[in-house]
Amino acid sequence: MRKILIIHGPNLNLLGNRETSIYGTVSLDDINAKLEALARLSGVELAFFQSNHEGDIVDIIGRSAKDGFSAIVINPAAYTHTSIAIRDAVSAVNVPVVEVHLSNIYKREEFRHQSLVAPACIGQISGFGVQSYLLGLTAAIDLSAETDRARSGK
Ligand code: DQA
């Protein structure tokens, strides 16, 4: 079964209680459960990873091809706007990456308008709440099929 990695960046473990006027009351477990339901219907397997530490996120992206992942959905959270290391990790691996954000980062403070990570990704989905993740996973499922075709040389 094709495997897709879901990466949640810093402070997303606090969803549910964190700035609910922006992020709503949905928890990270709720988001993961919705993703899991979509994955089951689509016949793909998911692995979930949340970290507040940049290097841990860089490490898991760097290992992702060797670990058998065919696509990644990432919400880099605050690292979106600061992390050249995560961008370089995305550029380095032969795995397609979809960037997602719950809020519309272009509607918020100016420092959130730039994503350092997005130029290394296939695309970005921003502003649809939990739906951003589900749209991101839908894209990643298609991309993962292409990855597997390319890897098997067919
Ligand atoms: C976020 C947007 C980021 O600017 C912020 O730092 C986050 C969450 C989002 O999902 O809307 O932590 O990535």
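Each ligand, and each atom within it, is numbered from 1 in the order the structure gives. Note that the structure is a prediction, hence the values are computed from the model and not measured. Along the sequence shown, residues are numbered consecutively beginning with 1. Excluded from the calculations below are hydrogen atoms, water molecules and symmetry mates; all remaining heavy atoms, backbone and side chain alike, are included.
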Arg108: side-chain contact (heavy atoms from CB on, under 4.5 Å) partners, not counting sequence neighbours:
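For Arg108 the side-chain contact (heavy atoms from CB on, under 4.5 Å) partners, ignoring immediate neighbours, are Ile22, Tyr23, Ser103, Arg112.
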Step through the shown structure and confirm whether more than 12 heavy atoms of other residues, nucleotides or ligands are within 6.0 Å of [atom1] on [X].
{"X": "Ile84", "atom1": "CD1", "answer": "no"}
{"X": "Glu110", "atom1": "CD", "answer": "no"}
{"X": "Lys3", "atom1": "NZ", "answer": "yes"}

Between the protein and ligand 1, are there any N or O atom pairs that come within less than 3.5 Å of each other, and if so, what are their names and distances?
{"residue": "ligand 1", "atom": "4 (O)", "partner": "His81", "partner atom": "NE2", "Å": "2.7"}
{"residue": "ligand 1", "atom": "4 (O)", "partner": "Arg112", "partner atom": "NH1", "Å": "2.9"}
{"residue": "ligand 1", "atom": "6 (O)", "partner": "Ala78", "partner atom": "N", "Å": "3.2"}
{"residue": "ligand 1", "atom": "6 (O)", "partner": "Arg112", "partner atom": "NH1", "Å": "3.0"}
{"residue": "ligand 1", "atom": "10 (O)", "partner": "Asn75", "partner atom": "ND2", "Å": "2.9"}
{"residue": "ligand 1", "atom": "10 (O)", "partner": "Leu102", "partner atom": "N", "Å": "2.8"}
{"residue": "ligand 1", "atom": "11 (O)", "partner": "Leu102", "partner atom": "N", "Å": "3.3"}
{"residue": "ligand 1", "atom": "11 (O)", "partner": "Ser103", "partner atom": "N", "Å": "2.8"}
{"residue": "ligand 1", "atom": "11 (O)", "partner": "Ser103", "partner atom": "OG", "Å": "2.6"}
{"residue": "ligand 1", "atom": "12 (O)", "partner": "Arg18", "partner atom": "NH1", "Å": "3.2"}
{"residue": "ligand 1", "atom": "12 (O)", "partner": "Arg18", "partner atom": "NH2", "Å": "3.0"}
{"residue": "ligand 1", "atom": "13 (O)", "partner": "Asn75", "partner atom": "OD1", "Å": "2.8"}
{"residue": "ligand 1", "atom": "13 (O)", "partner": "His101", "partner atom": "ND1", "Å": "2.8"}

May I have the step-by-step check of side chain to side chain contact (heavy atoms under 4.5 Å, CB included) for Val98 and Ile74, ending in yes or no?
CA-CA 6 Å; Val98 181; Ile74 186 171; over 6 Å; no
Among Asp142, Val90, Ile4, Leu143, whose side-chain contact (heavy atoms from CB on, under 4.5 Å) with Pro96 holds?
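Of Asp142, Val90, Ile4, Leu143, side-chain contact (heavy atoms from CB on, under 4.5 Å) with Pro96 is met by Leu143 alone.
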